[in-house]
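This report refers to the structure that appears directly beneath it.
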Number of protein chains: 2
Amino acid sequence: MSSSLPDVDFDNLHNLLGYHLRRAQVAVFKDFEAAVGSESITPGLLGALTIIGANEGLSQNMLADALALDRSTLVSVIDKLEARQLVKREKSPQDRRRHALFLTNDGREVLARTKQKVVEHEKKISQGMSPEERAKLIDLLRGLYK
Amino acid sequence: MSSSLPDVDFDNLHNLLGYHLRRAQVAVFKDFEAAVGSESITPGLLGALTIIGANEGLSQNMLADALALDRSTLVSVIDKLEARQLVKREKSPQDRRRHALFLTNDGREVLARTKQKVVEHEKKISQGMSPEERAKLIDLLRGLYK
DNA sequence: CAGATAATGTTTGAAGGCCAACATTTGGTA
DNA sequence: TACCAAATGTTGGCCTTCAAACATTATCTG
């Protein structure tokens, strides 16, 4: 399967946080796809559905902030969700620059189903650590970006 | 700066490892660019230079394995490094399918300079945690992908 | 040895992200 | 009030990545 016989020397790469962060993220996202993929929901789409569901009527800018995505990136996320009839844009009457975002009934159903599957996914990837370790991990990760 | 007044409800997003992993990775990579950017070296390029430097003559496949990148992705990484005269491809005499990868003198110099700057970068991002916490963090991250 | 199978590097196409530039709308201020 | 600055959403260009298809070369197997 792998093509390393003489074993690669990683030098100090294994001491770099960025290296491990990237690999962990790739692995976790892959498991997410496997667990939730039947709904055709990616981590990014779940994030958007979750925040919209808990904050109906919010603007695209607020959502982009919450997800730490660029405004322009969010446009295509919402385009995709709207094309699948999970979300709708409505013009905000207070501020005509804004779009107010809402879940459709389909959106609410997909979100509910996805959330359940995500519970399993989180359980699976956290298998190798104790609840305390998991909490500590999240804490340390937040420390890296807050 | 930010556009949240009524404060966004994050629902259970803050309990998802993937969410924090992505945000931490983005932040760390951004700091990397700031610290090392003067050399125009990205995390991916540093990874390639590091592994090649410690394993001169290795093949593109072995390198892709080490970096957890797709073979096809690595082609463009090496294209870029070769265009900048930091790496050279040589046809392997033992296996004529393979390219053996080597650093040029320029490549060695850039790698050495970059490594120093990366030390500072790692110090900065690890500022908020103890050495034990940092080691634990890396350990937990490895647990997610190994 | 001959033919099938696998490994290697490459190209192409698609997805998802960023940034810069833009039009529209709002809000502050002189 | 009239102007200038900021906020909002969108578009287009670019980069990085993966996956699939391909040609070339090596290797295994009958």
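Keep in mind it's a predicted model, so treat the numbers as computed, not measured. Per chain, numbering begins at 1; letters A, B, ... match sequence-line order.
A side-chain donor-acceptor contact under 3.5 Å links A:Ser72 and A:Asp70.
With C:dT26, C:dT10, D:dT10 as the candidates, the nucleotide lying closest to the side chain of B:Arg89 is C:dT10.
With rounding to whole Å, B:Asp95 atom CG is found 17 Å from C:dA6 atom P. A straight line from CD of B:Gln94 to P of C:dG9 spans 13 Å, rounded to a whole angstrom. The separation between A:Leu101 atom CG and D:dT10 atom P is 9 Å, rounded to whole Å. Atom-to-atom, NE2 of A:His99 to P of C:dA23 comes out at 18 Å; the value is rounded to the nearest Å. Atom CD in B:Gln60 sits roughly 10 Å away from atom P in C:dT11 (whole-Å rounding). We find that CG of B:Leu74 is positioned 10 Å from C1' of C:dG9, with the value rounded to whole Å. Rounded to whole Å, the distance from CZ on A:Phe29 to P on C:dG16 is 12 Å. Per the geometry, CG belonging to A:Asp79 stands 14 Å off C1' belonging to D:dG12, to the nearest Å.
Salt bridge present: A:Arg89 and A:Asp79 bring a charged side-chain N and a carboxylate O closer than 4.0 Å. In this structure, A:Arg108 pairs ionically with A:Glu56, as a charged nitrogen and a carboxylate oxygen lie closer than 4.0 Å.
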Which pairs, protein N/O on one side and nucleotides 16-19 of chain D N/O on the other, fall under 3.5 Å?
from   : atom 1 : to      : atom 2 : distance (Å)
D:dT16 : OP2    : B:Lys80 : NZ     : 2.3
D:dC18 : OP2    : B:Asp70 : N      : 2.9
D:dC18 : OP2    : B:Thr73 : OG1    : 2.8
D:dA19 : N7     : B:Ser72 : OG     : 3.4
D:dA19 : N6     : B:Ser72 : OG     : 3.0

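At least one side-chain heavy atom of A:Pro43 sits under 4.5 Å from a side-chain heavy atom of A:Glu33. Contact annotation: the side chain of A:Leu49 never approaches that of A:Lys115 to less than 4.5 Å [non-hydrogen atoms, C-beta and beyond]. Put simply, the side chain of B:Phe10 does not reach to within 4.5 Å of the side chain of A:Thr50, judged on heavy atoms.
When all heavy atoms are compared, the tightest approach of B:Lys117 to B:Ser38 is NZ-OG, 2.6 Å.
Between the side chain of B:Arg97 and the base of D:dA26, no donor-acceptor pair under 3.5 Å is found.
Near DNA chain D, meaning a heavy atom under 4.0 Å away, there are no residues from residues 45-56 of chain A.
For the OP1/OP2 pair of C:dT8 and a distance below 4.0 Å, the side-chain nitrogens and oxygens of B:Asn61 include at least one atom meeting the criterion. Between A:Arg96 and the phosphate of C:dT26, there is a side-chain N or O to OP1/OP2 separation shorter than 4.0 Å.
Residues B:Val75 and B:Leu69 do not share a hydrophobic cluster, clusters being chains of Ile/Leu/Val/Met/Phe/Trp/Tyr side chains in contact below 4.5 Å.
The aromatic rings of B:Tyr19 and B:His14 sit tilted, their planes meeting at an angle between 30° and 60°.
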